[in-house]
Amino acid sequence: MSGAEPGPARVEIYDTTLRDGAQQVGLDLTVEDKLRIAAALDALGVDVVEGGWPGSNPKDKEFFARAGELPWRHAALAAFGATRRPGRSADGDPDLAVLLAAGTPVVTLVGKAWTLHVDEALRTTREENLAMVADSVRFFAREGRRVVFDAEHFFDGYAADPGYALAVLAAAAEAGADTLALCDTNGGTLPDDIVRVVRDVTARFGQLRIGVHCHNDSACAVANSLVAVGEGVRHVQGAANGYGERCGNADLFAVIAGLELKRGHELLPPGRLAELSSVAKLVAEVANLPFEARQPYVGSSAFATKAGLHASAIARRPDAYSHVDPAAVGNQAAVLVSELAGRSNVLARAAELGIELDPALASEVLDEVKAAEHRGYAFEAADASFELLVRRVAARRRPAGTGPDPSPTWFELEGYRVVIERSEGPSGPTDRSEAIVRLLLRDQRVVAVGEGVGPVHALDQALRRALEDLYPELASIRLVDYKVRILDGRAATSAVTRVMLTSADSAGEWTTVGVSDDIVTASWEALADGISYGLLRAGARALVPAAT
Ligand SMILES: [Zn+2]
């Protein structure tokens with residue numbers, strides 16, 4: 001080893017969770033969800049975040065309109081669209097105009113590279129397809145946009161007619177594309193074929209950045225991405241947690257970890273790789289999908305050995321039983337979850353929130369977190385619930401009469417009742433719920449009624465009505481998202497419901513979590529925490545603690 005050799009050239013990480021990943025069955029992202037995921041990926045340090053297809057639906061259009069609200073620190077935003085229509089000019093194509101109007105620094109254009117699709121799907125001539133590619137790329141390059149050209153079905157196209165597939169790339173390259181991304185759109189290509197084809201492309205187009213976009217239909221999406229990088233590819237497209245239609249896209253987290261830990265590439269800013277596991281969980285929670293315990297690198301079982309089996313040996317030589325150090329990706333060997341590791345995690349998170357914990361207090365918080373997670377709570381995305389939990393524990397151990405109460409109380413619940421009503425009418429059924437909330441505010445008992453389209457809406461209305469006189473700050477707090485997930489029934493108990501609720505004020509958003517066998521109880525918990533946290537942020541004066 002000379003030590004003077006230059007490191008491997010930089011590989012760009014291009015995330016398509018919000019567009020291709022969102023094609024997954026059962027994955028439905030709101031604009032809020034997309035903004036949260038984009039912010040998390042940007043904070044992680046991916047290079048490009050593809051926001052969606054602005055010409056295809058109003059949701060994506062709104063996303064691009066609001067993307068400027070995010071504090072982008074690292075990533076460039078890309079908008080996705082297709083090449084111009086056959087028989088038109090690029091200037092007169094309304095879809096290209098919408099794509100341009102999204103105003104992103106990167107424009108990703110997908111074009112046909114397989115003759116079968118040109119003939120049968122596009123139903124135009126092969127010459128016209130080449131012109132469509134060239135005209136569309138030139139249109140955006142002239143506007144000063146960086147153009148990533150996604151060569152759709154490239155590997156199948158190359159197998160059928162290599163000359164034509166390469167001519168499509170040449171058309172994009174000559175027109176000013178910055179990156180040529182070779183897409184394995186059907187996901188059936190195996191690694192040795194990827195190597196052979198990529199080798200040919202990099203030999204011909206070595207002056208450009210070559211990328212790959214792999215799907216997992218033969219369980220090779222990550223492997224194909226890795227071997228492509230070995231052949232000189234410097235741009236990898238994929239999705240968080242491998243989301244995507246059919247069998248998914250390449251799992252970006254496994255690609256990043258593999259290239260950083262095993263091939264010496266520097267992809268993320270220094271120190272960010274250790275965030276990988278928590279970002280993976282956060283995206284799953286926002287996407288409202290179960291987090292796969294067996295997911296490589298980041299899953300909770302990724303480094304778990306059956307308890308007791310090799311525990312003492314693992315403790316002696318952890319490197320003998322895992323392919324990488326779990327801490328490198330922010331994960332841990334389940335069998336070794338030490339008090340110390342968990343506690344330092346809690347301390348770090350609390351410090352981020354500006355709360356100082358002594359080690360004993362951190363242990364107590366850790367115990368509560370573990371117990372709560374066992375009951376079905378998830379705190380990766382529920383920042384506000386985590387903070388309230390830390391504050392409650394801190395308040396419990398606070399010597400009487402010292403400093404401000406870390407866990408103030410704004411209201412105490414005496415009880416609530418919810419009535420759900422459905423009535424069949426001539427124009428279809430109508431659903432209406434009514435909630436009655438009884439609170440204790442200082443020495444006063446307050447009863448308020450709320451109506452809504454569902455029980456949670458009604459409870460929210462009643463709670464607000466009960467509190468509005470005392471806390472005018474409530475007027476600026478609104479509910480922006482509500483997610484319900486039924487968790488698997490544990491042992492003999494029934495299934496558990498987890499509710500994640502996101503609230504906002506003019507300065508930002510926060511998320512709370514509630515868990516119960518009953519959906520209304522879980523919702524109330526998330527709601528009450530969401531309102532309390534909002535009042536805490538607003539600096540509302542808390543109730544005077546009851547005299548003891
Ligand atoms: Zn795709």
Side-chain angles (χ1 to χ4, degrees), residues 12-23 27-44 46-85 88-112 132-152 172 175-181 183 209 211 213 235 237-240 243-245 249 252 283 286:
E12 177 175 76
I13 294 296
Y14 181 107
D15 177 85
T16 182
T17 307
L18 304 181
R19 201 260 313 165
D20 223 11
Q23 300 299 312
L27 180 49
D28 183 26
L29 299 174
T30 63
V31 174
E32 300 288 340
D33 295 337
K34 289 183 133 206
L35 290 166
R36 284 188 80 191
I37 292 172
L41 293 167
D42 174 52
L44 179 66
V46 308
D47 298 295
V48 185
V49 170
E50 188 183 82
W53 190 320
S56 74
N57 64 70
K59 206 197 265 182
D60 281 7
K61 212 169 177 178
E62 187 191 339
F63 171 84
F64 284 103
R66 293 183 54 193
E69 294 169 15
L70 296 180
W72 295 95
R73 276 165 289 191
H74 185 91
L77 184 63
F80 179 91
T83 53
R84 71 160 171 82
R85 297 170 192 181
R88 285 216 185 206
S89 75
D91 292 323
D93 190 301
D95 293 335
L96 296 195
V98 172
L99 195 51
L100 186 67
T104 56
V106 181
V107 172
T108 301
L109 282 174
V110 61
K112 305 267 181 230
M132 287 159 61
V133 169
D135 291 352
S136 311
V137 169
R138 196 173 294 116
F139 176 82
F140 291 102
R142 271 192 194 144
E143 295 285 341
R145 307 298 174 85
R146 177 185 160 197
V147 180
V148 173
F149 178 67
D150 270 9
E152 194 184 30
D178 165 274
T179 302
L180 303 176
C183 302
R209 194 196 316 254
H213 172 112
H235 166 110
Q237 301 190 359
Y243 296 150
E245 63 185 333
N249 285 64
L252 217 45
V283 173
V286 174

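Scope of the values below: all heavy atoms of this structure, side chains included, with no hydrogens, waters or symmetry mates. Treat the numbers as computed from the prediction; the structure is a model and nothing was measured. Residues: numbered from 1 along the sequence shown.
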Practice problem: Taking all heavy atoms of V48 and all of A78, pick out the closest pair and write down the distance. | Solution: CG1-CB, 3.7 Å

Quiz item: Closest heavy-atom contact between L35 and A67?
Solution: CD2-CA, 4.1 Å

Quiz prompt | Polar side chain donor-acceptor pair, D15 to T17, under 3.5 angstrom | solution = yes

Exercise. Please round to the nearest 0.5 Å and tell me the distance separating atom CG of D42 and atom CG of L77.
Key: 10.0 Å

Self-check item: From OG1 (T83) to CG (L96), nearest 0.5 Å
Solution: 8.0 Å

Quiz item: Do we see a donor-acceptor contact under 3.5 Å between the side chains of D150 and Q237?
Solution: yes

Practice problem: Could you tell me which non-hydrogen atom of L70 sits nearest to which non-hydrogen atom of A38, and how far apart they are? | Solution: CD1-CB, 3.9 Å

Quiz prompt | K34 bridged to D60 by N-O distance under 4.0 Å | solution = yes

Quiz item: Is there any ring-ring contact (aromatic ring centres under 6.0 Å, His included) pair reaching into residues 46-74, and which pairs are they, with sequence neighbours excluded?
Solution: W53-F80

Quiz item: What pairs with A175 under side chain to side chain contact (heavy atoms under 4.5 Å, CB included), at least two apart in sequence or on another chain?
Solution: A134, V137, R138

Quiz item: Salt bridge between D28 and K59, side-chain N to carboxylate O under 4.0 Å?
Solution: yes

Self-check item: Gap between atom CG of L109 and atom CG of D135 - 0.5 Å precision
Solution: 11.5 Å

Practice problem: Please test T179 against Y14 for side chain to side chain donor-acceptor pair (under 3.5 Å), starting from the C-alpha separation and ending with a verdict. | Solution: CA-CA 11 Å; T179 302; Y14 181 107; over 6 Å; no

Self-check item: Sequence-distant partners of E245, side chain to side chain contact (heavy atoms under 4.5 Å, CB included), two or more places apart
Solution: Q23

Quiz item: Do N249 and Y243 come within less than 4.5 Å of each other through their side chains, counting heavy atoms only?
Solution: no

Practice problem: Indicate yes or no: at least one non-hydrogen side-chain atom of V107 is less than 4.5 angstrom from one of E143. | Solution: no

Quiz item: Which one of L18, V148, T104, T108 satisfies the side-chain contact (heavy atoms from CB on, under 4.5 Å) criterion with E50?
Solution: T108

Practice problem: To the nearest 0.5 Å, tell me how far E62 CD sits from T30 OG1. | Solution: 9.0 Å

Quiz prompt | Closest approach of C183 to E152 (non-hydrogen atoms, all atoms of both residues) | solution = CB-CA, 4.1 Å

Quiz item: Between R84 and S136, which heavy-atom pair has the shortest distance, and what is it?
Solution: N-OG, 2.8 Å

Exercise. Could you tell me the separation between the CZ atom of R88 and the CE atom of M132, rounded to the nearest 0.5 Å?
Key: 11.5 Å

Practice problem: For atom CZ of R66, decide whether the heavy atoms of other residues, nucleotides or ligands shown that lie under 6.0 angstrom number more than 12. | Solution: yes

Quiz item: Which pair of heavy atoms, one from L27 and one from L29, lies closest together, and at what distance?
Solution: CD1-CD2, 3.7 Å

Quiz prompt | Presence of salt bridge, D178 and R146, under 4.0 angstrom | solution = yes

Practice problem: Measure the spacing between CZ of R209 and NE2 of H235 and express it to the nearest 0.5 Å. | Solution: 8.0 Å

